[in-house]
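In what follows, a structure is listed as structure tokens, so that the remarks can point back to it.
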Amino acid sequence: MKLKEFLHYTYIFPVLSVIYYFTGLMGTGTISDIVAGILLTGSVLSAVHHAEVVAHKVGEPYGTIILALCITIIEVALIVSLMVAGGEQAITLARDTVFAAVMIILNGIIGICVLVGGVKYFEQYFARTSATTYLVSIVSILVITLVLPNFTSSVNGPYYNNAQLIFVSIACLVIYGVFLMVQTVRHRSYFVPADGNAEEYFIPNKTQAIISFVFLVICLVIVVLLAKSLSKTIEDMVQSMGAPKSLVGVIIAGVVLLPEGLAAIRAARNNQIQSSLNLALGSALASIGLSIPAISAVSIMYDIPLVLGLDKKDIILLTLSVFIVMLSLSRGKTNVLYGTVLLVNLAAYIFTVIVP
């Protein structure tokens, strides 16, 4: 690669963000928070660019898997660090953040992708088998992790005891592991976009792909570090609004999911709805299928009480979201109505978080 290529904003923003974060200027005032927000936005856009470079090099479905796993690893690191720092005050943080991520992905990212694609192309087509494979895995893990704790009797309340946490963690890993095997080996064709829906792209060489992968990881790490540093500002803002603290989890989840969301939306605009769904549903599955085992391990090791069960309102909203997504993806084609309904579901979720 030529030196002038590194002067592109996708390389400059991550480097400036890392320098700014480690200079200790974060949290010194309103101006520093504004600068951090600008660098955060630039790093998110940079992450989208580098993720697409990597995806074009390795092809589907491996490109979307790489981005989903990167996002999930960073999300888990953020949740775990906040849990350990917050102690017992963070007993609902993991549940709120994971639940927010799932709701934002199922309703927000998929909704925008379907709506954008529907406006531009009227209808977009994808493999129904891929959506079914994703949703079977997602629904099973969602019920086991976020609904079932309310109905067990070994511990009072929406908790699992240690033995139950271990079992649920193993179940999540088994489902996700078998899904990856299905996606990459046995039924890889389910997840590969049809030739008719794909546009021609410049295929990067090996050096460009490696550099982009390195910068992708840097971007994702610095996005989470900046988001974590801004979390106190976000909490103060939420408190000043008089909104519940659970809104903090929604905002943090939204920031962490920005790179993936923008990449999925861009794919939908390029008439690659299959890639959009791979990104969104793959991220939802990885988010809950890998986060819960990691969070459970931290809870057991540090003896931190962990609330997993959702309340009745959230269970209703989750059920509605899953049901609408299943109906929307059952025919193998999309239109603007599906996207609109999903975005209304997201608005209802966020509104009831603010006004419970």
Side-chain angles (χ1 to χ4, degrees), residues 71-72 75 79 91-115 131-132 134-152 157-160 168 172 234 238 241-258 260-261 264 277 280-289 291-292 295 306-330 334 336-356:
I71 293 285
T72 303
E75 178 189 354
I79 294 173
I91 59 176
T92 62
L93 175 67
R95 179 200 65 185
D96 292 341
T97 305
V98 171
F99 178 56
V102 170
M103 292 295 285
I104 290 171
I105 292 168
L106 293 183
N107 294 297
I109 295 178
I110 293 180
I112 294 174
C113 290
V114 170
L115 183 61
T132 301
Y134 278 118
L135 290 171
V136 164
S137 306
I138 291 171
V139 171
S140 176
I141 294 178
L142 282 174
V143 173
I144 291 174
T145 57
L146 299 180
V147 178
L148 187 59
N150 291 316
F151 302 97
T152 55
Y159 300 90
Y160 276 140
V168 168
C172 291
I234 296 172
V238 169
M241 293 169 53
K245 196 173 181 180
S246 56
L247 182 60
V248 176
V250 176
I251 296 173
I252 292 176
V255 171
V256 173
L257 290 170
L258 263 178
E260 193 158 36
L277 294 178
L281 294 175
S283 179
L285 180 56
S287 177
I288 193 166
S291 296
I292 296 300
I295 294 165
L306 180 62
V307 173
L308 283 180
L310 298 171
D311 60 27
K312 294 179 181 178
K313 170 181 68 68
D314 288 337
I315 290 176
I316 291 173
L317 287 171
L318 177 63
T319 303
L320 174 65
S321 299
V322 170
F323 185 61
I324 296 299
V325 169
M326 292 176 70
L327 289 178
S328 300
L329 303 182
S330 64
T334 64
V336 293
L337 177 61
Y338 300 158
T340 302
V341 173
L342 288 171
L343 290 175
V344 170
N345 288 348
L346 178 67
Y349 162 64
I350 295 176
F351 180 78
T352 54
V353 169
I354 300 173
V355 187

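All figures in this text were calculated on a predicted structure; none of them were measured in a lab.
- At a threshold of 4.5 Å between non-hydrogen side-chain atoms, the residues V114 and V336 do not count as touching.
- Note that CG of L277 is 12.5 Å distant from OG of S283, once rounded to the nearest 0.5 Å.
- Residues that satisfy the side chain to side chain contact (heavy atoms under 4.5 Å, CB included) test with L310, not counting sequence neighbours, are R95, F99, L146, D314, I315, L318.
- In this view, S287 and E75, A101, S291 satisfy the side chain to side chain contact (heavy atoms under 4.5 Å, CB included) rule, not counting sequence neighbours.
- Applying the side-chain hydrogen bond (donor to acceptor under 3.5 Å, both in side chains) criterion to T145, with sequence neighbours excluded, gives no partner residue.
- In this view, D96 and T92, S246 satisfy the side chain to side chain contact (heavy atoms under 4.5 Å, CB included) rule, not counting sequence neighbours.
- Listed for the T352 side chain is a donor-acceptor partner under 3.5 Å among the backbone atoms of Y349.
- Note that CG of L346 is 7.5 Å distant from CD1 of I112, once rounded to the nearest 0.5 Å.
- Rounded to the nearest 0.5 Å, atoms CD1 (I138) and CE (M326) are 10.5 Å apart.
- Between L281 and L285 there is no side-chain heavy-atom pair separated by less than 4.5 Å.
- Residues Y160 and L148 are in side-chain contact: their nearest non-hydrogen atoms beyond the backbone lie under 4.5 Å apart.
- There is no side-chain donor-acceptor pair under 3.5 Å between S321 and N345.
- The shortest heavy-atom contact between I141 and C172 is CG2-SG, 3.7 Å.
- L342 is not listed as a side-chain neighbour of L106, based on a closest heavy-atom distance of 4.5 Å or more.
- The side-chain hydrogen bond (donor to acceptor under 3.5 Å, both in side chains) search around T334 returns none, not counting sequence neighbours.
- Separation of atoms CD1 (I105) and CG (L257) is listed at 4.5 Å; rounding is to 0.5 Å.
- To the nearest 0.5 angstrom, I350 atom CD1 is 8.5 Å from L247 atom CG.
- Taking the side chain to side chain contact (heavy atoms under 4.5 Å, CB included) definition, one finds that S140 meets it with I144, I175, sequence neighbours left out.
- Proximity of I295 to L308: side-chain heavy atoms (C-beta onward) are nowhere separated by under 4.5 Å.
- Counting all heavy atoms, side chain and backbone alike, A100 lies closest to V250 at CB-CA, 3.7 Å.
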